[in-house]
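Protein chains get the first letters and strands the later ones, always in sequence-line order, with residue 1 at the start of each. What you see is a predicted model; the values in this text were computed from it and never measured. Atoms considered below: every heavy atom in the structure, side chains included; atoms not considered: hydrogens, waters and symmetry mates.
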2 protein chains.
Amino acid sequence: MANITKKVSWSSRGDDSALTGEGTPLLNGTEIPKPSRKLSGSGSVFRIGRFSTVDLEDDITSEEDPIRGRPKEIPHNEKLLSLKYESLDYDNIENQLFLEEERRMSPMGFRCLEISRWVICGLIGILTGLIACFIDIMVEKLAGYKYQVIKENIEKFTEVGGLSISLILWAVLNCAFVLVGGIMVAFFEPIAAGSGIPQIKCYLNGVKIPRVVRLKTLVVKVIGVICSVAGGLAVGKEGPMIHSGAVVAAGVSQGRSTSLKRDFKMFEYFRRDTEKRDFVSAGAAAGVSAAFGAPVGGVLFSLEEGASFWNQMLTWRIFFASMISTFTLNFFLSIYHGKPGDLSNPGLINFGRFESDSVAYYYYEIPLFMCMGALGGLLGALFNSINYWLTIFRIRYVHRPCLQVIEALLVAAVTAAVSFTMIYFSNDCQPLGPEHNEEYPLQLFCADGEYNAMATAFFNTPERSVRSLFHNQPGSYNPMTLGLFTLTYFFLACWTYGLAVSAGVFIPSLLIGAAWGRLCGILLASFTPTSPIWADPGKYALIGAAAQLGGIVRMTLSLTVIMVEATGNVTYGLPIMLVLMIAKIVGDYFQEGLYDIHIKLQSVPFLHWEAPATSHWLTAREVMSSPVTCFNRIEKVGTIVDVLSNTSTNHNGFPVVVQVLDSDEPAKLCGLILRSQLIVLLKHKVFVELARSRLSQRKLQLKDFRDAYPRFPPIQSIHVSQDERECMMDLTEFMNPTPYTVPQDTSLPRVFKLFRALGLRHLVVADDVNRVIGLVTRKDLARYHLGKHGLEELQLAQT
Amino acid sequence: MANITKKVSWSSRGDDSALTGEGTPLLNGTEIPKPSRKLSGSGSVFRIGRFSTVDLEDDITSEEDPIRGRPKEIPHNEKLLSLKYESLDYDNIENQLFLEEERRMSPMGFRCLEISRWVICGLIGILTGLIACFIDIMVEKLAGYKYQVIKENIEKFTEVGGLSISLILWAVLNCAFVLVGGIMVAFFEPIAAGSGIPQIKCYLNGVKIPRVVRLKTLVVKVIGVICSVAGGLAVGKEGPMIHSGAVVAAGVSQGRSTSLKRDFKMFEYFRRDTEKRDFVSAGAAAGVSAAFGAPVGGVLFSLEEGASFWNQMLTWRIFFASMISTFTLNFFLSIYHGKPGDLSNPGLINFGRFESDSVAYYYYEIPLFMCMGALGGLLGALFNSINYWLTIFRIRYVHRPCLQVIEALLVAAVTAAVSFTMIYFSNDCQPLGPEHNEEYPLQLFCADGEYNAMATAFFNTPERSVRSLFHNQPGSYNPMTLGLFTLTYFFLACWTYGLAVSAGVFIPSLLIGAAWGRLCGILLASFTPTSPIWADPGKYALIGAAAQLGGIVRMTLSLTVIMVEATGNVTYGLPIMLVLMIAKIVGDYFQEGLYDIHIKLQSVPFLHWEAPATSHWLTAREVMSSPVTCFNRIEKVGTIVDVLSNTSTNHNGFPVVVQVLDSDEPAKLCGLILRSQLIVLLKHKVFVELARSRLSQRKLQLKDFRDAYPRFPPIQSIHVSQDERECMMDLTEFMNPTPYTVPQDTSLPRVFKLFRALGLRHLVVADDVNRVIGLVTRKDLARYHLGKHGLEELQLAQT
């Protein structure tokens with residue numbers, strides 16, 4: 001099963017990349033799960049780490065370890081933490097090179113850097129807006145063409161008879177689009193599947209997801225999402241925008257493309273994880289902003305998912321990127337729609353204008369809204385549970401790319417068939433008003449001058465369906481239509497999410513919610529036919545949409561703001577917030593949020609905001625990994641190469657210790673060095689002996705590290721001769737001389753707070769004479785979570 | 001001059017409170033300014049701290065210190081950092097008592113705590129909304145009554161002649177109101193003066209401003225703001241709402257009132273700085289939300305000013321409080337206005353509805369908006385500069401309460417006189433339409449059926465004036481009227497801010513900006529009479545208002561969102577943001593923001609978001625205070641009492657060290673204990689000897705510390721007999737055993753980041769064998785700032 005997991009996991013392509021030079025799982029610490037770890041605060045024996053270099057014995061023990069420690073059968077997928085995900089280095093490595101560079105820089109230099117950051121954010125906004133614009137126009141063109149062809153066909157065959165030909169045409173057209181999208185995703189870039197929001201959540205959380213911010217991913221994502229929306233699947237094009245924005249940001253901010261092998265020699269200062277992650281936050285925000293016309297919502301999304309330490313200037317830049325992105329999209333779409341300069345129509349999805357007068361709410365409606373919130377939570381939990389089992393099924397049985405494409409085609413065909421059937425058997429005919437908003441009104445078996453109401457919901461892009469549920473006149477739908485639509489679309493959307501196509505879940509959720517919300521509104525109005533205030537079911541459609549979306553994705557603050565911004569009316573703030581809150585509380589009781597489920601199924605070491613409340617009795621001593629592989633400040637090259645080559649440990653950060661000569665004092669911590677730094681040092685052969693012999697040798701600079709970023713070569717690709725193995729390397733200049741440390745009695749919440757607030761990757765645990773006794777990394781902290789029966793500890797696995 | 005500063009400073013009443021039992025300046029570290037400190041990274045000699053207890057010699061040196069180190073004359077007010085401000089203890093003291101309590105608590109207990117937090121936030125929202133409602137109704141009643149009386153009087157005397165009597169009546173009524181407000185503020189609670197935003201900024205930043213969140217302050221603030229708005233000063237009632245919300249939060253969350261001597265035995269768990277500050281954030285947000293109908297803006301305000309580490313649940317609670325506050329205000333105001341249940345009119349200030357159709361903007365207007373932003377920045381800088389000199393003048397010469405009241409009366413009279421003169425000499429008559437919005441249309445010398453347009457601006461509460469500038473029909477004002485109004489109101493508002501009355505600067509700024517913005521709109525329309533798009537000057541009034549407000553207060557993200565929410569139209573997001581950004585950039589070039597000026601003039605050790613960019617060459621060694629007074633883990637009571645009683649040092653946190661017996665090894669850091677804890681220990685006589693003799697003695701619990709919070713008695717009030725002085729105290733159980741430490745080579749930005757992200761109060765600097773060599777506190781970090789000529793170091797002073 002571990003094997004299967006590997007096949008369909010986010011980093012499935014990363015498995016062969018260990019050979020090609022990236023994605024190697026380089027987490028530090030022991031990879032041995034400790035099922036027998038005693039979870040008692042007092043009296044637990046901890047192993048004193050070894051402080052010298054690794055010797056042959058280490059190889060033997062680490063070969064034994066897996067056999068001894070790892071269970072033969074992995075009990076359950078979600079109770080595992082994968083060791084294959086690396087952390088981002090959000091903490092600045094303040095080594096001597098860095099400090100020297102900073103000291104040399106003038107105040108003017110810092111100002112220039114700041115200006116570059118603003119320029120990059122502006123570029124991110126513009127490019128994200130352009131991509132959104134491209135997706136929107138392409139979808140509109142393709143879907144318009146498709147619906148036009150089918151509509152003509154249906155009209156032809158309605159009179160003649162033989163509508164099954166129309167059905168086949170519809171199914172074939174859908175399948176054609178989905179085939180293209182599915183092949184792109186399944187064969188070329190599996191990470192581009194889905195909405196990309198779970199992946200971006202993880203990235204912003206500090207987990208390095210392989211290939212997630214590559215140019216290729218972007219291309220596949222964009223084409224994929226156009227195909228799946230045009231292919232009539234129950235999906236939205238909004239979620240993928242967030243991923244697209246993030247990729248744009250990662251690309252622009254680095255001033256080069258590794259895929260295209262082009263280096264523009266720009267923004268070289270920003271080639272490190274700290275800066276890159278900040279820009280990716282801006283990109284994600286710009287994506288949200290373009291998708292929903294919600295710049296503030298975008299900023300809050302980025303903060304909710306990514307912020308550790310709130311930085312005002314950064315937030316302001318993120319906001320700038322968001323604003324520019326909405327503006328760009330708006331500007332180009334206004335030109336496309338032939339109304340240049342009309343900027344009051346932002347976002348890919350637009351809920352239309354809710355005028356305060358027509359849809360004001362009264363305080364006695366609030367309890368009703370809260371009930372709808374609870375219903376949304378229940379339905380959301382049901383959706384998530386079904387999708388959870390479906391995902392498990394997919395992990396087990398649908399892991400080959402061709403199977404994935406076939407499943408996608410099946411869904412496309414079924415969607416078309418179900419839609420057609422629903423429309424066919426519907427007898428909800430509505431008069432076609434003079435200024436009707438229907439894009440493709442299907443007359444079918446209705447009288448002349450009427451159209452089929454079911455077709456408004458099914459025979460349309462989901463965005464348009466949402467809008468007509470919100471804004472169509474009371475009486476545009478009869479309750480039966482809405483009920484049937486909710487039911488079928490619920491299961492279609494649930495089946496669709498998780499397919500190997502690029503697609504978001506926002507719009508389907510909104511659509512389901514809007515349908516049953518409108519149904520609620522109609523029923524309420526029918527109970528109290530005299531009261532005029534319940535006359536507009538659009539208001540209830542909005543509340544239902546919020547409830548359903550909240551019940552599925554469980555985002556809180558940012559979602560409220562996104563919804564408020566998308567409706568363009570601040571008045572709805574309180575009810576939307578209450579509804580989302582209730583939906584979350586009710587939903588959380590049964591099942592996690594959809595994104596969290598998918599993150600958990602991938603065994604990503606995701607850090608939440610705080611340590612579990614009941615974890616005060618755990619201390620750093622119990623949490624940390626030990627023994628720790630340390631290096632001496634002046635270390636033999638051979639030792640370093642051996643440690644780095646040891647595939648069974650794959651440590652990634654090494655405390656550097658110093659042994660006082662002629663003394664039996666223990667070695668003391670004096671710094672921390674990363675695998676990536678050592679690789680660069682080895683590649684440039686920065687050996688003490690060579691420095692002496694070749695005085696003219698160029699001193700290694702920060703630039704050399706930046707040039708190698710982010711795809712550092714694997715240790716296997718670096719040739720070190722037997723003579724060189726005997727040389728010494730002086731790490732003083734390159735190590736981070738002031739790593740954060742904690743005493744071993746520090747409680748887990750305190751360790752967690754420090755780790756999370758500063759975005760650390762390694763936290764050294766030192767004793768009272770400053771000896772290294774352990775190392776805390778992400779997986780050590782992510783392992784503890786509050787289950788139904790108190791604190792639980794996840795197993796670590798090499799999946 | 002130092003004396004004078006003290007007189008009018010925020011903590012002026014705090015000076016005598018050292019005797020009455022609180023507010024003692026308890027900052028740790030040396031109080032000696034080090035003007036001769038060598039600012040070089042290498043080779044600077046640092047003093048090794050002493051690790052044993054303080055002996056008599058310490059008393060002598062610390063008496064000598066002030067003479068040796070403190071300059072005789074304080075050179076300039078704003079180049080100083082005051083030592084009298086304490087920090088908040090945002091970092092949890094995880095001592096054994098705390099850990100035991102947490103360990104005893106069940107998951108259910110934690111859930112109850114979480115629910116209490118929500119309940120408190122709900123209460124904060126409701127109470128803040130009610131206070132806003134009360135202020136609004138009172139102001140409307142009183143101002144309405146006043147304007148009615150004056151209007152009748154003016155109408156009477158317009159025909160008869162002798163309008164000077166009306167002028168006198170107006171001035172007398174204004175003065176009467178201001179007299180009440182001024183006396184309340186100047187004599188009873190000077191901290192209630194002004195908008196309170198600088199004080200709340202400081203509090204959220206982590207500085208304990210004495211008396212700022214007291215019930216008395218709230219009462220004075222509320223009455224004061226009603227009086228000053230009703231008294232016709234150029235002030236708003238919005239700023240003080242933020243302060244009011246903060247006080248409400250501090251009160252509610254503690255479940256007791258020290259002023260009223262009532263303890264409700266509720267929420268005892270929250271009686272510590274960490275929790276209190278979180279609730280105060282929520283209160284401030286609720287205040288913003290009530291003031292502007294901007295719940296999201298409120299959350300962002302709190303985050304911008306207060307957040308260190310972003311906590312999702314906390315943010316969500318803050319948002320809840322904000323929402324409830326807007327809702328409450330809305331609900332009660334709708335009842336008051338006779339339209340119960342109409343909730344679409346949020347906030348104290350309401351910009352009215354900007355319909356997208358009527359005031360849409362086009363992209364070619366954006367450069368115009370940006371120019372207006374620059375103008376706003378210039379005018380804002382001018383405003384701030386004038387106010388800065390005025391404040392310096394006030395600090396020097398207007399420091400007695402009675403003088404302050406007289407100045408306030410003078411301003412009130414002058415405001416009335418100037419307004420009257422402007423109205424009197426204005427000849428801008430406008431026809432009184434059938435559905436006119438003017439509350440008090442003054443006919444004066446206009447023809448029948450017309451009213452004086454100047455009176456719309458002057459003879460009105462500022463909120464109404466803003467609204468009419470935004471929404472009145474094109475042509476309601478002639479350019480001359482607007483120009484004159486801008487000019488006079490600018491200087492009136494500038495003079496008014498900083499008076500000893502409770503008053504905000506938001507509305508006056510908006511009013512000034514709206515006036516010149518509308519003027520710009522009219523002028524633009526007159527240049528291009530054919531183009532209809534520039535026909536509506538209300539749009540330009542909005543942009544002008546944003547520019548002027550941004551130019552004065554220089555808030556960024558939160559202000560944009562507040563403005564967008566107050567206009568209720570998301571479309572204006574981008575122009576408002578651009579305008580605020582330009583206004584900030586232009587304004588910052590000349591002068592700081594108004595709030596920052598006032599914070600600086602009070603010499604508050606305010607920590608910005610990041611360390612100055614060019615400070616990488618400074619290390620902890622140069623920044624820290626040393627020597628440090630440490631205690632042994634088992635310490636003699638006499639020593640502790642002596643150290644605490646030493647008024648010349650007034651340290652507030654003491655590292656606890658342990659000396660290994662029978663060894664000449666140096667003493668090692670093993671914890672940190674606070675003055676407040678020691679005071680409680682001494683009060684309860686927790687001595688080793690007594691514990692042995694009285695076995696039945698109740699063990700000290702966290703509750704005892706919470707009961708004493710926040711007004712710990714001064715050491716002078718605790719009697720320790722000569723026998724007891726010989727006893728020993730065991731600090732093990734009470735100290736924080738895992739204080740954060742940094743090595744001495746850590747760069748200033750790194751120290752700063754750790755300190756700021758975790759909201760620390762004390763950061764121990766330790767050497768490589770874990771000896772204490774220094775302590776970094778807030779003033780050590782706040783001292784460095786980037787001036788015009790690179791890095792500058794502020795002097796520390798005991799003012």
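For the options B:Thr614, B:Asp767, B:Asp768, heavy-atom pairs under 4.5 Å to chain A are most numerous at B:Asp768. Of the residues considered (B:Met581, B:His608, B:Glu114, B:Arg111), B:Met581 shows the highest number of contacts with chain A, using heavy-atom pairs under 4.5 Å. In terms of non-hydrogen atom pairs under 4.5 Å with chain B, the most contact-rich of A:Thr560, A:Leu786, A:Val299 is A:Thr560. Between chain A and the residues B:Thr738, B:Leu669, B:Asp91, the most heavy-atom pairs under 4.5 angstrom are made by B:Thr738. Heavy-atom pairs under 4.5 Å with chain A were tallied for B:Thr746, B:Leu113, B:Val658, B:Val561; the largest tally goes to B:Thr746.
Residues B:Arg750 and A:Asn92 share a closest heavy-atom pair of NH1-O, 3.2 Å. Heavy-atom minimum distance, A:Met577 versus B:Trp316: CG-CH2, 3.9 Å. Across all their heavy atoms, B:Val769 and A:Lys668 have their closest contact at CG1-CE, 3.3 Å. The heavy-atom pair separating B:Leu99 from A:His616 by the smallest distance is CD2-CD2, 3.7 Å.
Looking at B:Pro612, neither its backbone nor its side chain comes within 4.5 Å of chain A, counting heavy atoms on both sides. Looking at A:Phe319, both its backbone and its side chain come within 4.5 Å of chain B, counting heavy atoms on both sides. Neither the backbone nor the side chain of A:Ser322 comes within less than 4.5 Å of any heavy atom of chain B. When heavy atoms are compared at a cutoff of 4.5 Å, B:Ser615 does not approach chain A at all. Heavy atoms of B:Met313 lying under 4.5 Å from chain A are absent altogether.
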Decide side-chain contact (heavy atoms from CB on, under 4.5 Å) for A:Trp609 and B:Leu314; before the verdict, give the C-alpha distance in whole Å, the side-chain angles of both, and the deciding distance to 0.1 Å.
CA-CA 10 Å; A:Trp609 290 102; B:Leu314 171 63; over 6 Å; no

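Between B:Val296 and A:Leu300, the closest side-chain pair of non-hydrogen atoms falls below 4.5 Å. Contact check for A:Thr741 versus B:Tyr740: no side-chain heavy atoms found under the 4.5 Å cut-off.
How far CG of A:Leu578 is from CZ of B:Phe320: 7.0 Å, rounded to the nearest 0.5 Å. Interatomic distance, B:Ile576 CD1 to A:Met323 CE, rounded to the nearest 0.5 Å: 8.0 Å. Remark: B:Thr326 OG1 to A:Leu574 CG distance equals 8.0 Å, nearest 0.5 Å.
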